[in-house]
Amino acid sequence: MTTIVKIFVPKDAAALAVGADAVANTIQAEADRRGINIELVRNGSRGLLWLETLAEVETPQGRVAFGPVEADDVAGLFDAGWHLGQRDHALCHGLTEDIPYLKNQQRLTFARVGITDPLSLSDYQAHGGFEGLKRAITMTPAEIVEEVTQSGLRGRGGAAFPTGIKWKTVLNTPADQKYIACNADEGDSGTFSDRMIMEGDPYTLIEGMTIAGLAVGATRGYIYLRSEYPHAAAALNSAIDNARAVGWLGHDIGGSGRHFDLEVRIGAGAYICGEETSMLESLEGKRGLVRAKPPLPAIKGLFGKPTVINNVISLATVPIILAKGANYYRDFGMGRSMGTLPFQLAGNLKQGGLVERAFGITLRELLYDFGGGSASGRPLKAVQVGGPLGAYLPESQWDVPLDYEAYIGISAMVGHGGLVAFDDTANMSQLAEYAMEFCAVESCGKCTPCRIGAVRGTEVIQKIRANHQREQQVHLLRDLCDTMLGGSLCALGGMTPYPVLSALNHFPEDFGLDATAPANP
Ligand SMILES: Cc1cc2nc3c(=O)[nH]c(=O)nc-3n(C[C@H](O)[C@H](O)[C@H](O)COP(=O)(O)O)c2cc1C
Ligand code: SF4
């Protein structure tokens, strides 16, 4: 009997960007040339992005990791006997599961990513897939909503609103049609967890949306996906077709007699289209323009019907909550921040990637224990947490636990869990100017504090940087930030002051100000 060697090469966009397809093709060609029988699986990424392309070989002890592999390394790997379980190669990292970056994580939402073949339904089910949906089918809508409420799950898209409470509003709003709209616009700088799970474990999102549909009485779902994610679109569309073909979507979900179906809609390409009411406008085929609230989308949302709007990670976390129970999930985390968050490490870090951990971990642990410090070798200076509207945190705040409330306490936000690190060459006044300019460019234009304020704010910061009436302009900038914070219709204008003021308060010297003066006069 010939032994078949199972080799895994990610098909994730981050791996493709550094040549994973060439690696996979070369492995197949080299194996054929040598008469070695292999099964090549194109898995999702393990999230150790600095090691991509991370190829793994299955052995009786577990998978052995090799990376970063380039096509030119492949012949040498076969020469060294990687297919026979030999580890004596410079690119070998031993058993994948023992790599500290992975071993020290708590993967709940990402439990299957990198492990299964993303489009294999049998692989999905062999690793716990559809267990949550099977249980949901046996429950009443109110029981499902209660389970999600009890888990403590809060929206992972940025606002951290309790998911169960949102679902309850939709459940209790009578209507002939309700919708589930998944926000997959993932516009925040330094974030990629939505993309990774849609490419690496698409069925979990489909399962989560179906459970949401059963919970609130919605029969139709849409995934609003940014146009920059073609690989995620392909994975989702194939997964939807496969799930429908075997009855996990469509007219008789899992033999329950209940109906739910969904489709992918490609976004129009603006940051503001990630804001939920703008997203609804865009889904309806209009320009992405923020709607005034009330009415809440949960009452009058897509096409005027009650709509659950949730981020990809929120929905992809629902299956494990239903499968293992609310108490299992809420045991992770701290305070009112329950469960885990897939943090995304980006910017000037040696080891960028995805780290899923319970709330309560600190930035310092993420930056050094996982991130390995700066890629440049220079001291780290600031970290922007939570996307372009998040504050810049100086080292004095890196020991604050990552918890929604603790971060609000330091005028920062956890948001979607993206971290962008900067070393000591970063000029924080330049980054503050960039934050205002970003707001000016991306503003939907509906309200004055944002539309006009961001343009004036950019000019004011330019004057401060050029030392043109500096003290007066700083005063003006603080005043303007107050107006934007209090008077904007949505968080784009309302939170742009976070990066601006944090840069000004924590790094006054970069604005040419006296660093010994009180931070916020
Ligand atoms: C300017 C702006 C951009 C946003 N972009 C996104 C996004 O790309 N993805 C996302 O899930 N939420 C985004 N949000 C948050 C959404 O408005 C909304 O709170 C979220 O989709 C709700 O889902 P959740 O409760 O599961 O987090 C954005 C908000 C604002 C103000
Ligand atoms: S704050 Fe900006 S993006 Fe939001 S509604 Fe006002 S103009 Fe539009």
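In each ligand, atom 1 is the first atom listed, and ligand 1 is the first ligand listed. Throughout, numbering of the chain's residues begins at 1 and tracks the sequence. What you see below is based on every heavy atom in this structure, not just the backbone, and it leaves out hydrogens, waters and symmetry mates.
- Only one option out of Val500, Val460, Asn505 pairs with Arg478 in a side-chain contact (heavy atoms from CB on, under 4.5 Å); it is Asn505.
- Close contacts between ligand 2 and Gly445 involve ligand atoms 7 (S), 8 (Fe) [criterion: under 4.0 Å to a heavy atom].
- Looking at Ile272 against ligand 2, only its side chain comes within 4.0 Å, counting heavy atoms.
- For residue Cys447, no N/O/S atom approaches atom 2 (Fe) of ligand 2 to within less than 2.8 Å.
- Under a 4.0 Å criterion applied to the non-hydrogen atoms of Ser443, ligand 2 contributes the atoms 2 (Fe), 7 (S).
- Here Arg154 has no heavy atoms under 4.0 Å from ligand 1, in either its backbone or its side chain.
- Close contacts of ligand 2 with Leu492, meaning ligand atoms under 4.0 Å from a residue heavy atom, involve 3 (S).
- Annotation: atom 11 (O) of ligand 1 to nearest protein heavy atom, Asn311 ND2, 2.8 Å.
- Taking every non-hydrogen atom of Cys450 and a distance limit under 4.0 Å, the qualifying atoms of ligand 2 come out as 1 (S), 2 (Fe), 6 (Fe), 7 (S).
- Using a 4.0 Å cut-off to heavy atoms of Ser488, the atoms of ligand 2 that qualify are 1 (S).
- Within the listing of ligand 2, atoms 1 (S) sit less than 4.0 angstrom from a heavy atom of Gly493.
- With distances taken over non-hydrogen atoms, the option nearest atom 15 (C) of ligand 1 out of Ala491, Gly288, Gly274, Ser314 is Gly274.
- The distance from atom 4 (Fe) of ligand 2 to the nearest N/O/S atom of Cys490 is under 2.8 Å.
- At least one heavy atom of Lys166 sits under 4.0 Å from some atom of ligand 1.
- In Glu186, the part holding a heavy atom less than 4.0 Å from any atom of ligand 1 is the backbone.
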